Amino acid sequence: MHSTVTPISSDQSTLEIGPQVDNLRNAFCSGRTKNKTWRIQQLQQLKRMLIEQEGTLLAALKSDLGKSDQEGWVSEVGFVISDINHTLKHLNKWVKPRKVPTPLVTQLGTSYQLPEPLGTTLIIGAWNYPLMLVLSPLVAAIAAGNCAVVKPSELSEQTSTVLAELIPQYLDNDCVLVVQGGVAETTELLKQKFDYIFYTGGAGVAKIVMHAAAEHLTPVTLELGGKNPCIVDSNTNLDVSASRIVWSKWMNAGQTCVCPDYVLVEKTFVDKFVTALKEKIELFYSKNPANSDDYGHIVNSRHFERLVEYLEGQHVAYGGDSNAASQYIGPTVVVGPDEQSLIMQEEIFGPILAIIPVDNIDDAITFINKRPKPLALYVYTNDKGFEQKVLEQTSAGNVGVNDGMMFMANSNLPFGGVGSSGIGQYHGKSGFDSFSHLKSVMKRSFLFDIPLRYPPFNRFKLNILKKLL
């Protein structure tokens, strides 16, 4: 199973990429990946890699993003293991033909959808969850019976290197290829003809990916982001709400595509809410988060400088401390930022939470609907009527009611964006379906071949067909 094929790294010629993708295409054409036993074996091997190499993987995540072992395991290693377990449990059912009703006019017959793999696929990961955002799509690709090229983000350098070293040791090298590198390697990959491209990252690169895919009429899934709103009603459990908001916002130092970006709160409730946030931040990370083993750092100096610039001229109600040498920015709460400021125009993607005071909680819905559709939306309230109003009157890829990000833990819930926050969904069966073509099949008997559809036509045949169709 372990061949001598080595992962392409950034110091290798991009000329190697095309031939290696061709090799994957040949492997797919051989039919190897369509075998259910092969799929199960590869998923088991991937799980084995995560278990046996847990320490190595967690160390890489610590190096790249300052993730604690618990955060790294829960949000990355353990997340993918759970994804694999769910897939292995349900794969026998997912691969079976899916029967659909057959109308009277097509009797005697049966109709069904037959899942088949798309072929050779490309998975481009992101740096903020550099393990999970590569391997979770890979689980779906393998389960559906595809070959895959995996391109980890070069910004999370240690995790990318570890994946390039480990994946060839555990998975079928003829069918799974790891390509390391940056813009040049990604550009060369996008020149190749793939049967499906799965990209996680920002909207700017997504447009490049989509343009390249269009050259080959290749379908894409784009998992993007945006400014995720959070509405906190004064009629809520403030203690629990503050705990969950702080946990979901400052995990991974706020570098999470589904974390709350800004919070809409009634003006009369702002001070009380901010006080609750301060208390929970200090409870979770101490009064000096820079010394906390549970708080991460910014991925690189460019993103550090970007976030520091966001804070210029803002009313910082809490935090705002930073250290360029360690790429540290403390948990920061900003109240009442100008709507034209960078902090409200750009996705923050860092440990800064903006608080937007509104006159009336219903105004929060209007505020949200004036902006692009977010990847995630959160509402904290005990008012079921208001909860329903938010669900009915807003649009978002995913919604959390009275909690943050926990929908990610349910493999039965498809995950994905809408509008500018993304195209397509994955996780669980949804991921299997995204990497599959559901081929429509109708099988009919040779018996009772009634000649109503055949020429010569007449009024009698037409009247009968009108009743049958």
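The first residue in the sequence is number 1, and the count goes up from there. Quantities reported herein were computed from a predicted structural model and do not represent experimental measurements.
- Within 6.0 Å of the CE atom in M210, the count of heavy atoms belonging to other residues, nucleotides or ligands does not exceed 12.
- Applying the salt bridge (charged side-chain N to carboxylate O under 4.0 Å, His left out) rule to pairs touching residues 225-254 yields K227-D261, D239-K280, R244-D403, sequence neighbours excluded.
- Between L222 and V209 the shortest side-chain heavy-atom distance falls below 4.5 Å.
- A side-chain donor-acceptor contact under 3.5 Å links S234 and E266.
- In this structure, R39 contributes its side chain and T33 its backbone to a donor-acceptor pair below 3.5 Å.
- Every residue two or more places apart in sequence or in another chain that forms a ring-ring contact (aromatic ring centres under 6.0 Å, His included) with Y328 is listed here: Y295.
- For N398 (side chain) and A376 (main-chain N/O), no donor-acceptor pair under 3.5 Å exists by modelled atom type.
- Among residue pairs with one or both ends in residues 234-277, those qualifying as ring pair (Phe, Tyr, Trp, His ring centres under 6.0 Å) are Y262-F367; sequence neighbours excluded.
- For residues 337-359, the set of pairs meeting the salt bridge (charged side-chain N to carboxylate O under 4.0 Å, His left out) definition, not counting sequence neighbours, comprises K267-D359, E339-R371.
- Proximity of a side-chain donor or acceptor of S82 to a complementary backbone N or O of V80 within less than 3.5 Å is not detected.
- Residues in residues 121-137 take part in these side-chain hydrogen bond (donor to acceptor under 3.5 Å, both in side chains) pairs, two or more places apart or across chains: D83-S136, Y129-T256.
- Between H90 and W94, the ring planes are parallel. Angles under 30° get that label, and only those over 60° would be called perpendicular.
- Looking at D64, its side chain does come within 3.5 Å of a backbone N or O of T159 through a donor-acceptor pair.
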Tabulate below the donor-acceptor pairs under 3.5 Å that side-chain atoms of residues 406-421 make, not counting sequence neighbours, or state none.
from : atom 1 : to   : atom 2 : distance (Å)
N410 : OD1    : N412 : N      : 2.9
N410 : OD1    : N412 : ND2    : 3.3
S421 : OG     : K373 : O      : 3.4
S421 : OG     : P374 : O      : 3.3
S421 : OG     : V418 : N      : 2.9
S421 : OG     : V418 : O      : 2.7

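- For the pairing with V334, the side chain to side chain contact (heavy atoms under 4.5 Å, CB included) check across L311, L353, I355, I348 returns one residue only, L311.
- Residues N146 and T120 fail the side-chain proximity criterion, which asks for heavy atoms closer than 4.5 Å.
- Within the 4.5 Å cutoff, the side chain of F284 has heavy atoms near those of the S243 side chain.
- Annotation: side-chain hydrogen bond (donor to acceptor under 3.5 Å, both in side chains) contacts involving residues 204-216, sequence neighbours excluded, are absent.
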Verdict with reasoning, D383 to K389, per salt bridge (Lys or Arg N to Asp or Glu O under 4.0 Å): CA-CA 10 Å; D383 185 338; K389 185 183 292 187; over 6 Å; no
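- A salt bridge (charged side-chain N to carboxylate O under 4.0 Å, His left out) check over residues 117-133, counting only residues at least two apart or in different chains, returns nothing.
- Partners of S436 under the side-chain contact (heavy atoms from CB on, under 4.5 Å) rule, at least two apart in sequence or in another chain, are A144, F432.
- With hydrogens and angles left out, the side-chain atoms of Q388 and E392 include a donor and acceptor closer than 3.5 Å.
- Atom CD of E157 is surrounded by 12 or fewer heavy atoms from other residues, nucleotides or ligands within 6.0 Å.
- For the ring-ring contact (aromatic ring centres under 6.0 Å, His included) test, no residue two or more places apart in sequence or in another chain qualifies with F386.
- With hydrogens and angles disregarded, no donor-acceptor distance shorter than 3.5 Å links the side chain of S341 to the backbone of P337.
- Ring planes of F198 and F435: parallel class, angle under 30° (limits at 30 and 60°).
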Worked verdict on T236 versus S241 for side-chain hydrogen bond (donor to acceptor under 3.5 Å, both in side chains): CA-CA 7 Å; T236 190; S241 296; 2.9 Å; yes
Verdict with reasoning, Y196 to T221, per side-chain hydrogen bond (donor to acceptor under 3.5 Å, both in side chains): CA-CA 8 Å; Y196 185 67; T221 285; 2.3 Å; yes
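- The list of ring pair (Phe, Tyr, Trp, His ring centres under 6.0 Å) pairs with a residue in residues 135-166, not counting sequence neighbours, is empty.
- Residues E52 and Y170 have side chains that bring a donor and an acceptor to within less than 3.5 angstrom of each other.
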Side chain to side chain contact (heavy atoms under 4.5 Å, CB included) assessment of L163 paired with L131: CA-CA 8 Å; L163 286 173; L131 187 75; 3.6 Å; yes
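- Annotation: salt bridge (charged side-chain N to carboxylate O under 4.0 Å, His left out) contacts involving residues 288-312, sequence neighbours excluded, are absent.
- Using a 3.5 Å distance cut-off with no hydrogens or angles, the side chains of Y318 and E282 do pair a donor with an acceptor.
- Inspection of the E387 and T381 side chains reveals no N or O donor paired with an N or O acceptor under 3.5 Å.
- S160 contributes no side-chain N or O that, together with a main-chain N or O of S156, makes up a donor-acceptor pair within less than 3.5 Å.
- Side-chain contact between H297 and F304 is absent, with no heavy atoms from C-beta onward closer than 4.5 Å.
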